[in-house]
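Single-structure report; data block below.
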Amino acid sequence: MNLVEYRRAARAWLQENAPSDDHPETDAIARAKDFMARLHDAGYSGITWPRRWGGQGLTEAEERAFAAEARDHSLPTYVFSIGLGMTGPTILDRGTDAQRERFLRPLLRGEEIWCQLFSEPGAGSDVAALQTRAVRDGDHWVVNGQKVWTSVAHHADWGLLLARTDVEVPKHKGLTMFVVDMHHPGVTVRPLKDMSGRANFNEVFFDDVTIPDEHRVGEVNDGWSVAVTTLLHERLSISSGVGMGGQKDNPAALEALRTMVDTSDPYVRDQLVELHIRSRALALFNQRLAQETEAGVFPGARGSAAKLLLAELTLFQADLATQLVGPEAVLADHPLSRVIATAPGMALGGGTNEIMRNIVGDRVLGLPPEPRMDKNVPFKDLKVGTQA
Ligand SMILES: Cc1cc2nc3c(=O)[nH]c(=O)nc-3n(C[C@H](O)[C@H](O)[C@H](O)COP(=O)(O)OP(=O)(O)OC[C@H]3O[C@@H](n4cnc5c(N)ncnc54)[C@H](O)[C@@H]3O)c2cc1C
């Protein structure tokens, strides 16, 4: 099938199968899982992933063609976005064949939901300072500690967990990555409400949670390099909207915003044009990164530039909507209020704008890196978290 036919088939399938609206309150998870299974059966889940692991074995061109069609719909895929964009690609890149066999197909079919357990109360931007411990006990590991801001953990079946396995070495050298069963009796998940009124992220506590060694991802004490793989995928997937389910119902998108404002006003027109230019520039930058990936050039730290551009675009969009529509835009029942309240989170989740700028300065532009006093200090001697 050529690309034009592929896109036509995707459009027809979406018209037939995409939900007409996304009832978030009732049976949302069951409906989302049912949709993912149908998406997979139709060949539109894991478009670029290898067929051996449940994917479709196609190229970025098909992925983009499908994404372009999906933009006109509102797909209930948010709850799978961590698995599809971050943890799944990490298992694909760094897992064992047994892990790929066990985890990837159920993820693509929406049978299992994933979360990412990196941030802690004392370790966000400096995530390598984390304190959750994993101690080896024969062919198992025993985990104790706390994570925070864990998106969708309250629905998750599996979590990708970064934990400290050695305190005698510097902080980046004593971490190991695991897959943890979120239904283990020692796992406690407590939802946290954000200012939009929703509880999408959580605190997660681990009390003597055991993990079999076969669920370790990568070598012992090499978790930092696995985490870097996840974070690169995270920034690319956030900026390109993997699993985010289209823009149709975004009331701050250009199409919706122009129906709410007076487009004969030159100032309003200027601002809408600016929004269009920024959105288009980001879409083209993402397209370029995707094409380079396909040609074997990994975008690396430039993924941080894409994530930064998306965060700035999201804030610009929310600010513009508030400015043009007026103060009523922030009232709880206004369609724009949720977009406005969640916009600042985009400048934090997946790494803050300041950290993205540090990465771009250091690794893309070649500017001098931040001074690091703790590079060669054993973790146990650092004043971080509860050690401070
Ligand atoms: C919506 C949302 C979803 C999230 N989902 C997840 C998830 O699923 N899993 C997960 O593990 N985490 C998740 N997070 C956590 C997120 O990764 C952290 O919030 C983020 O890394 C920042 O860490 P922090 O909140 O501890 O802030 P801090 O690191 O304490 O930063 C505080 C401020 O200091 C600035 N700062 C810190 N260090 C530097 C520096 N070196 N140079 C310049 N400025 C600096 C920061 O930019 C920020 O403005 C999520 C967060 C949000 C908002």
Query raised in the report: Counting only heavy atoms not in Arg51, do more than 12 fall under 6.0 Å of its CZ?
Result: no
Query raised in the report: Is Arg31 paired with Asp34 through a side-chain N to carboxylate O contact shorter than 4.0 Å?
Result: no
Query raised in the report: Between Arg102 and Asp97, is the closest basic N to carboxylate O distance under 4.0 Å?
Result: no
Requested in this report: Look at atom CZ of Arg198 and say whether more than 12 heavy atoms of other residues, nucleotides or ligands are closer to it than 6.0 Å.
Outcome: yes
Report task. Please check if atom CD in Glu5 has more than 12 non-hydrogen atoms from other residues, nucleotides or ligands closer than 6.0 Å. Result -> yes
Query raised in the report: Does atom CD of Glu219 have more than 12 heavy-atom neighbours from other groups under 6.0 Å away?
Result: no
Query raised in the report: Do the charged groups of Asp126 and Lys171 touch, with an N to O distance under 4.0 Å?
Result: yes
Query raised in the report: So which heavy atom on Gln99 is nearest to which on Glu214, and how close?
Result: NE2-O, 2.8 Å
Query raised in the report: If you draw the axis of the six-membered ring of Phe66, does the NZ or CZ of Arg7 fall within 45° of it and under 6.0 Å from the ring centre?
Result: no
Query raised in the report: Between Arg302 and Glu292, is the closest basic N to carboxylate O distance under 4.0 Å?
Result: yes
Query - Atom of Leu336, atom of Val325 and distance for their closest heavy-atom approach - result: CD1-CG2, 3.6 Å
Query - Derivation and outcome, ring pair (Phe, Tyr, Trp, His ring centres under 6.0 Å), residues His172 and Phe379 - result: CA-CA 9 Å; His172 291 91; Phe379 179 75; over 10 Å; no
Query raised in the report: Do Trp141 and Val209 come within less than 4.5 Å of each other through their side chains, counting heavy atoms only?
Result: no
Query raised in the report: Taking the side chain as C-beta and beyond, is there a heavy-atom pair between Glu203 and Leu192 under 4.5 Å?
Result: yes
**Report entry** Reference residue Arg136; test side-chain hydrogen bond (donor to acceptor under 3.5 Å, both in side chains); the match among Asp213, Thr165, Thr176
**Finding:** Asp213
Query raised in the report: When hydrophobic residues are tied together by side-chain contacts of less than 4.5 Å, even through go-betweens, does Val189 share a cluster with Phe178?
Result: yes
Report task. For ring pair (Phe, Tyr, Trp, His ring centres under 6.0 Å), just list the numbers for Trp158 and His215, CA-CA rounded to whole Å, side-chain angles, deciding distance to a tenth of an Å, and then say yes or no. Result -> CA-CA 11 Å; Trp158 298 102; His215 284 185; 5.6 Å; yes
**Report entry** Salt bridge present between Asp166 and Lys173 (N-O < 4.0 angstrom)
**Finding:** no
Query - Check: Trp53 ring centre within less than 6.0 Å of Phe103 ring centre - result: no
